[in-house]
*Asks:* 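One structure, as structure tokens, below. Some questions next.
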Amino acid sequence: MKKLIIINGPNLNLLGKREPAIYGSHTFTEFLDEIKTKYHNVTIDYFQSNIEGELIDKLQEVGFSYDGIVLNAAAYTHTSIGMGDAVKAIETPVVEVHISNTFNREEFRHQSYISPNSRGVILGFGLQSYELAIQSFLI
Ligand code: DQA
């Protein structure tokens with residue numbers, strides 16, 4: 001059984017309440033339940049933190065044993081050399097995801113420290129971005 005983990009960065013615990021015009025009105029818990037049911041033959045773990053160091057700790061913890069990491073580093077995508085270095089340091093492939101299309105938003109969202117070290121990037125498809133990333137580990 002493949003072992004995947006979704007790692008969500010800062011403010012993504014507020015999905016459903018946070019700027020629904022951009023991020024939708026589903027909570028992540030609802031979405032995760034659906035996805036776990038749909039992909040019941042895959043282990044899909046989940047971790048969310050608003051704290052940069054905790055996200056780095058989690059990448060290091062899972063990054064030598066899991067089959068894939070789906071990472072939405074949220075705002076740290078655009079600022080965190082430390083998270084970029086962690087993605088580079090680990091062996092497990094990372095697919096970077098974003099709910100919104102960061103390229104049709106503010107200029108500061110166009111920069112990513114995660115992308116250069118990721119297997120691929122999926123953005124702009126709402127919560128479906130996560131599902132597409134999961135599928136990418138199953139083909
Ligand atoms: C985001 C995009 C980021 O720019 C933003 O800081 C987020 C969410 C997205 O999923 O669209 O918090 O990663």
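Start at 1 and go down the list; that is how both ligands and their atoms are numbered. Heavy atoms only: backbone and side chains are in, while hydrogens, waters and symmetry mates are out.
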*Asks:* Could you tell me the residue and atom name of the protein heavy atom closest to atom 7 (C) of ligand 1, and the distance to it rounded to 0.1 Å?
*Replies:* Y23 OH, 3.5 Å
*Asks:* Give a yes or no answer on whether the side chain of Q48 reaches the backbone of G9 with a donor-acceptor pair at less than 3.5 Å.
*Replies:* yes
*Asks:* Is there a donor-acceptor pair closer than 3.5 Å between any side-chain N or O of E30 and the backbone N or O of T27?
*Replies:*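 Looks like yes, one N/O pair under 3.5 Å.
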*Asks:* Can you tell me which portion of N11 lies within the under-4.0 Å heavy-atom range of ligand 1? Options are side chain, backbone, both, or neither.
*Replies:* neither
*Asks:* What residue and heavy atom of the protein are closest to atom 1 (C) of ligand 1, and at what distance?
*Replies:*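 Checking every protein heavy atom, the shortest distance to atom 1 (C) of ligand 1 gives H98 ND1, 3.7 Å.
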*Asks:* Go through ligand 1 atom by atom and flag the ones less than 4.0 Å from a non-hydrogen atom of A74.
*Replies:* 6 (O), 7 (C), 12 (O), 13 (O)
*Asks:* Is I99 in polar range of ligand 1, meaning some N or O pair under 3.5 Å apart?
*Replies:* yes
*Asks:* Using modelled atom types and a 3.5 Å cut-off, is there a donor and acceptor pairing between side-chain atoms of S129 and backbone atoms of H98?
*Replies:*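 At least one qualifying donor-acceptor pair exists.
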*Asks:* Are the side chains of F137 and D67 in touch, meaning some heavy atoms are under 4.5 Å apart?
*Replies:*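 No; the side chains remain at least 4.5 Å from each other.
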*Asks:* Return the closest protein heavy atom for atom 5 (C) of ligand 1 as residue, atom name and distance.
*Replies:*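 Atom 5 (C) of ligand 1 sits closest to the protein heavy atom R109 NH1, 3.3 Å.
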*Asks:* Can you list the atoms of ligand 1 that are under 4.0 Å from a heavy atom of A75?
*Replies:* 6 (O), 12 (O)
*Asks:* Below 30° counts as parallel, above 60° as perpendicular, anything between as tilted: where do the rings of Y130 and F31 land?
*Replies:*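 Taking F31 first and then Y130, their aromatic rings sit tilted (interplane angle of 30° to 60°).
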*Asks:* Going by the order shown, which atoms of ligand 1 are within less than 4.0 Å of some heavy atom of S100?
*Replies:*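 The list of qualifying atoms is 2 (C), 9 (C), 11 (O).
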*Asks:* What part of T102, side chain, backbone, both or neither, has a heavy atom within less than 4.0 angstrom of ligand 1?
*Replies:*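 Near ligand 1, T102 shows its side chain, while the N, CA, C and O stay back.
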*Asks:* Check this for me: H26, atom NE2, are more than 12 non-hydrogen atoms of other residues, nucleotides or ligands nearer than 6.0 Å?
*Replies:*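 Count not over threshold, so no.
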*Asks:* Taking both backbone and side-chain atoms of R105, is any N or O found less than 3.5 Å from an N or O belonging to ligand 1?
*Replies:*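 N/O-N/O distance below 3.5 Å does not exist for this pair.
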*Asks:* Give the contacting part of R18 toward ligand 1: side chain, backbone, both or neither, where contact means a heavy-atom distance below 4.0 Å.
*Replies:* side chain
*Asks:* What atoms in ligand 1 come closer than 4.0 Å to a heavy atom of H78?
*Replies:*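 Selected atoms, number and element: 3 (C), 4 (O).
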*Asks:* For the residue pair S118 and I114, what are the closest heavy atoms and their distance?
*Replies:* OG-O, 2.9 Å
*Asks:* Identify whether the distance between the nearest side-chain nitrogen and carboxylate oxygen of E131 and K38 falls below 4.0 Å.
*Replies:* yes
